[in-house]
Amino acid sequence: MARHLITSAIPYINGIKHLGNLVGSQLPADLFARYQRARGNEVMFLCSTDEHGTPAEIAAAKAGKPVAEYCAEMHAVQAEIADGFRLSFDHFGRSSSPENHALTQHFAGRLADQGLIREVSETQMYSNADGRFLPDRYIEGTCPNCGFDSARGDQCDNCTKQLDPVDLINPYSTISGSSDLEMRETKHLYLCQSQMKDQLEAWIDSKTDWPILTTSIAKKWLNDGDGLQDRGITRDLNWGIPVKKGDADWPGMEGKVFYVWFDAPIEYIACAQEWVNAGKGDNWERWWRTDKGADDVTYTQFMGKDNVPFHTLSFPSTILGSGEPWKLVDYIKSFNYLNYDGGQFSTSRGRGVFMDQALEILPADYWRWWLLSHAPESSDAEFTWENFQASVNKDLADVLGNFVSRITKFCRSKFGEVVPEGGTWGNAEQAVIDEMTTRIRAYETHMQAIEVRKAASELRAIWVIGNEYLQSAAPWSTFKENPEQAAAQVRLALNLIRIYAVLSGPFIPDAKATLLAAMHCDDDSWPDDVTAALNMLPVGHTFSVPDVLFRKITDDEREEWQTRFAGTRD
RNA sequence: GGGCCUGUAGCUCAACGGUUAGAGCAGAGCGCUCAUAACGCUUUGGUUGGGGGUUCAAAUCCCUCCGGGCCUACCA
């Protein structure tokens with residue numbers, strides 16, 4: 001039995017994520033986790049909220065709450081929404097957990113011991129009114145290049161020139177609006193990634209099967225300009241993990257915290273510790289320590305393309321640089337962006353559909369199916385309501401849902417709600433078995449390779465087989481001359497429902513549960529042998545005709561939603 | 001500015017130097033009547049963004065131009 005460690009990029013805490021965020025990491029990770037479980041493999045699927053950093057502090061202040069309280073509330077909100085989308089995390093942790101505090105400090109201490117941490121004195125913009133150092137993008141002013149009056153400190157949105165906050169004319173804090181800013185000297189720790197460059201490059205070069213999106217971004221960072229740069233891993237903030245060298249204080253670093261991008265990936269590991277401490281398991285090291293049982297683990301990460309540098313370079317630097325036998329990632333699946341109706345999803349402008357809103361209008365399976373079958377794998381993809389309506393109605397309602405409906409209702413009217421007896425299978429049925437077998441093997445190949453869209457396409461083709469069979473077998477005609485033969489045909493079709501439930505589970509878990517319940521069956525074993533799987537529901541086995549599995553989206557609904565989500569949120 | 005990705009049928013996408021570039025949706029025709037006005041079969045539709053080159057052979061490799069997008073290290 002293979003063992004799969006699976007992590008999704010951890011969503012930032014300040015607010016509810018949109019569908020683009022969902023399809024880029026959590027959802028495909030869930031698909032893969034569910035698939036591996038369905039194949040009988042052992043899975044540890046972890047995700048958390050990423051809770052530190054300036055945006056969290058500001059969002060909390062805006063909400064008028066202490067940041068710890070704000071994060072606790074938002075974590076609960078995100079956990080509930082994740083549950084609503086049926087994201088099957090083994091644990092949904094928090095980067096602010098005590099476990100992550102200790103582990104992050106441990107890693108920093110190890111890296112310092114290995115000579116991979118250096119101190120750097122630098123000057124940064126400090127806002128007296130806000131009482132804090134401000135990241136570049138929280139300072140705005142007039143662009144010295146084009147005169148645009150709300151250019152950000154890192155880049156001018158108007159002329160795209162990259163800026164330094166000190167270049168801005170009349171700079172002010174975007175938080176308070178205050179222009180009482182000054183450059184202050186501050187000391188920070190840098191992770192010496194540059195020392196790891198050759199090791200990282202050899203490692204990346206060995207990953208020939210990774211998505212090109214992943215390796216091209218990694219190589220760009222490795223070789224751009226002067227090569228891989230050392231990276232600051234501390235910040236002057238209140239909310240975060242205090243800078244310590246293991247258990248010991250770090251002289252000169254009092255009052256500082258680790259940078260979120262240092263502690264966030266470490267949370268992948270700490271999350272497994274949280275899983276143990278939550279009473280869900282008793283051994284996290286067999287997933288994460290190659291000296292303690294993790295040597296046979298396959299570790300797969302999922303993320304949007306913006307996260308790739310941190311997962312291909314920074315986090316591996318932390319892992320490798322520690323000199324300890326931590327499990328390194330085996331495969332990094334990265335995604336492009338999902339756009340919304342001709343533009344970008346925008347959290348700040350409230351443009352597009354957010355996870356909570358999506359669940360208000362339709363159940364999870366609708367979204368899961370559309371998002372996964374249109375996952376932005378090879379390039380950015382686009383959500384439009386027309387496409388959503390057409391795909392969902394055709395694939396889920398017509399092809400799958402109606403198949404279930406037509407055969408269960410036919411059986412009920414002729415034989416009752418029971419798998420009928422009589423007749424035998426012949427060439428037509430063998431042809432179904434052969435095609436099912438071919439397509440199921442192809443589906444498995446795509447799922448194993450995490451080719452999400454291809455897997456969805458193959459699954460749909462498998463659903464179609466049922467309709468093709470009914471059309472050619474025509475049990476409604478057979479029944480008039482040879483009821484026993486019709487019974488054999490119905491028997492096969494009813495058994496297809498159970499197979500469809502099992503195969504579809506990773507994409508549409510609620511439908512899987514509904515179908516198995518309707519078939520009065522709790523055996524969800526994978527159809528390794530299609531002939532055997534088609535005999536799973538024996539003669540005399542009862543079932544209940546299910547309610548409409550997927551109702552259709554009407555034109556009126558589509559238009560209403562189109563209007564509702566065009567502008568801004570709330 | 002630099003780098004990377006991308007452009008294939010009306011739409012969403014396959015095809016990774018090798019038959020006549022394929023699917024789904026949409027359109028057209030036929031069939032079926034079990035079913036959620038559902039299903040099945042057949043079919044229309046492409047100068048593979050433009051141009052040039054390499055090759056026995058190019059959607060695929062090279063050059064160039066045009067369009068879309070992303071990244072560029074202090075948002076996370």
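What you see is a predicted model, and the numbers here were worked out from it, not measured in a lab. Numbered from 1 within each chain, the chains take letters A, B, ... in sequence-line order.
- Checking E122(A), R235(A), K256(A) one by one against T186(A), the side chain to side chain donor-acceptor pair (under 3.5 Å) holds for a single residue, K256(A).
- Remark: the E435(A) side chain and the Y469(A) side chain contain no N/O donor-acceptor pair separated by less than 3.5 Å.
- Screening Y340(A), F383(A), F345(A) for a side chain to side chain contact (heavy atoms under 4.5 Å, CB included) with H18(A), the sole residue that qualifies is F345(A).
- Rounded to an integer number of Å, the gap from R231(A) CZ to rC75(B) C1' is 11 Å.
- For the side chain to side chain contact (heavy atoms under 4.5 Å, CB included) with N336(A), the lone residue among S378(A), P376(A), P211(A) that qualifies is P376(A).
- Between E386(A) atom CD and rU12(B) atom C1' there is a gap of 13 Å when expressed in whole angstrom units.
- Counting non-hydrogen atoms under 4.0 angstrom, K409(A) reaches the backbone sugars and phosphates but no base.
- Across all strands, V548(A) comes closer than 4.0 Å to base atoms (heavy-atom distances).
- Atom CD in E377(A) sits roughly 17 Å away from atom C1' in rG69(B) (whole-Å rounding).
- With rA76(B), rC25(B), rG40(B) as the candidates, the nucleotide lying closest to the side chain of V260(A) is rA76(B).
- Comparing rU33(B), rC39(B), rA73(B) by their closest approach to the side chain of S477(A) singles out rU33(B).
- Under the Watson-Crick and G-U wobble criteria, each requiring two contacts below 3.5 Å, nucleotide rC30(B) is paired to rG40(B).
- Ranking rA35(B), rC34(B), rA73(B) by closeness to the Q229(A) side chain, first place goes to rA73(B).
- Within the 4.0 Å cut-off from OP1 or OP2 of rC39(B), not a single side-chain nitrogen or oxygen of Y469(A) is found.
- Taking atom CG on L222(A) and atom C1' on rC4(B), their separation rounds to 14 Å, with Å as the unit.
- Distance, R453(A) CZ to rA23(B) C1': 13 Å, rounded to whole Å.
- The nearest whole Å value for the distance from the CZ atom in F315(A) to the C1' atom in rA73(B) is 19 Å.
- Residue T54(A) is in sugar-phosphate contact alone, with no base atom involved, counting any heavy-atom pair closer than 4.0 Å across all strands shown.
- Closest to the side chain of W476(A), from the set rU36(B), rC70(B), rU33(B), is rU33(B).
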Working for side-chain hydrogen bond (donor to acceptor under 3.5 Å, both in side chains), residues N387(A) and E382(A): CA-CA 9 Å; N387(A) 188 306; E382(A) 175 153 317; over 6 Å; no

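- A donor-acceptor contact under 3.5 Å is formed by the side chain of Q124(A) with the base of rC74(B).
- Among the protein residues, I212(A) comes within range of the sugar-phosphate backbone only, with heavy atoms under 4.0 Å from sugar or phosphate atoms but none that close to a base.
- Side-chain nitrogen and oxygen atoms of K219(A) include none within less than 4.0 Å of the OP1 or OP2 phosphate oxygen of rC71(B).
- Candidate nucleotides rC32(B), rC70(B), rA73(B) were compared by shortest atom distance to the side chain of K305(A), and rC70(B) ranks first.
- One atom, OH of Y337(A), and another, P of rA76(B), lie 15 Å apart when rounded to the nearest Å.
- Separating the C1' atom of rA28(B) from that of rU64(B) is a span of 42 Å, rounded to the nearest Å.
- An aromatic stacking contact between F410(A) and the base of rC34(B) is absent, as defined here by ring centres under 5.5 Å apart and ring planes under 30° from parallel.
- Within 4.0 Å of P55(A), counting heavy atoms only, lie sugar-phosphate atoms of the nucleic acid but no base atom.
- The distance between atom CZ of F335(A) and atom P of rU6(B), rounded to the nearest whole Å, is 16 Å.
- Checking rC11(B) for Watson-Crick or G-U wobble geometry (two distances, each under 3.5 Å) identifies rG24(B) as its partner.
- G466(A) comes within 4.0 angstrom of no nucleic acid atom, judged by non-hydrogen atoms across all strands.
- Here D136(A) lies in heavy-atom contact (under 4.0 Å) with a base.
- Residue contacts for V464(A): at a heavy-atom cut-off of 4.0 Å it reaches the sugar-phosphate backbone alone, with no base atom in range.
- Relative to the side chain of N387(A), the nucleotides rU12(B), rA35(B), rC13(B) differ in distance, and rU12(B) lies closest.
- Put simply, R152(A) has no side-chain N or O that comes within less than 4.0 Å of OP1 or OP2 on rC74(B).
- For Y259(A), the side-chain atoms get nearest to rA76(B) when compared with the rest of rA14(B), rA76(B), rG3(B).
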Step-by-step ring pair (Phe, Tyr, Trp, His ring centres under 6.0 Å) determination, F415(A) to F479(A): CA-CA 10 Å; F415(A) 303 103; F479(A) 185 80; 5.5 Å; yes

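- In terms of position on RNA chain B, the residue among L400(A) and S373(A) whose nearest nucleotide sits closer to the 5' end is S373(A).
- Taking the C1' atom of each, rC70(B) and rC25(B) are spaced 29 Å apart, rounded to whole Å.
- Taking only side-chain atoms of N467(A), from C-beta outward, the nucleotide of rC4(B), rC39(B), rC34(B) with the closest atom is rC39(B).
- rU55(B) and rC61(B) have their C1' atoms separated by 10 Å, with the value rounded to a whole Å.
- Taking atom C1' in both rA35(B) and rG40(B), the straight-line distance is 13 Å, to the nearest Å.
- Checking the phosphate oxygens (OP1, OP2) of rC34(B), no side-chain nitrogen or oxygen of T408(A) falls inside 4.0 Å.
- Across all strands shown, F403(A) has no heavy atoms under 4.0 Å from either base or sugar-phosphate atoms.
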F133(A) vs H188(A), ring pair (Phe, Tyr, Trp, His ring centres under 6.0 Å): CA-CA, chis, key distance, verdict: CA-CA 13 Å; F133(A) 283 94; H188(A) 283 295; 7.3 Å; no

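- With rA15(B), rG40(B), rG69(B) as the choices, the nucleotide that has an atom nearest any side-chain atom of D380(A) turns out to be rG69(B).
- Separation of the C1' atoms belonging to rG10(B) and rA38(B) is 25 Å when rounded to the nearest angstrom.
- Residue D306(A) is classed as a base contact, given a heavy-atom separation below 4.0 Å to a base.
- Checked against rC39(B), rC13(B), rC70(B), the side chain of A381(A) finds its nearest nucleotide in rC13(B).
- Phosphate contact (OP1/OP2 of rA35(B), side-chain N/O of K414(A), threshold under 4.0 Å): absent.
- Residue contacts for E468(A): at a heavy-atom cut-off of 4.0 Å it reaches the sugar-phosphate backbone alone, with no base atom in range.
- Separation of the P atoms belonging to rA14(B) and rA57(B) is 28 Å when rounded to the nearest angstrom.
- Using atom P as the reference point in both rG52(B) and rG69(B), the two lie 28 Å apart (nearest Å).
- Residue contacts shown for E122(A) include a base, since a base heavy atom lies under 4.0 Å away.
- Dashed line: the shortest gap from a side-chain N or O of R406(A) to OP1 or OP2 of rC34(B) is not under 4.0 Å.
- At a threshold of 4.0 angstrom between heavy atoms, the contacts of F479(A) with the nucleic acid are absent.
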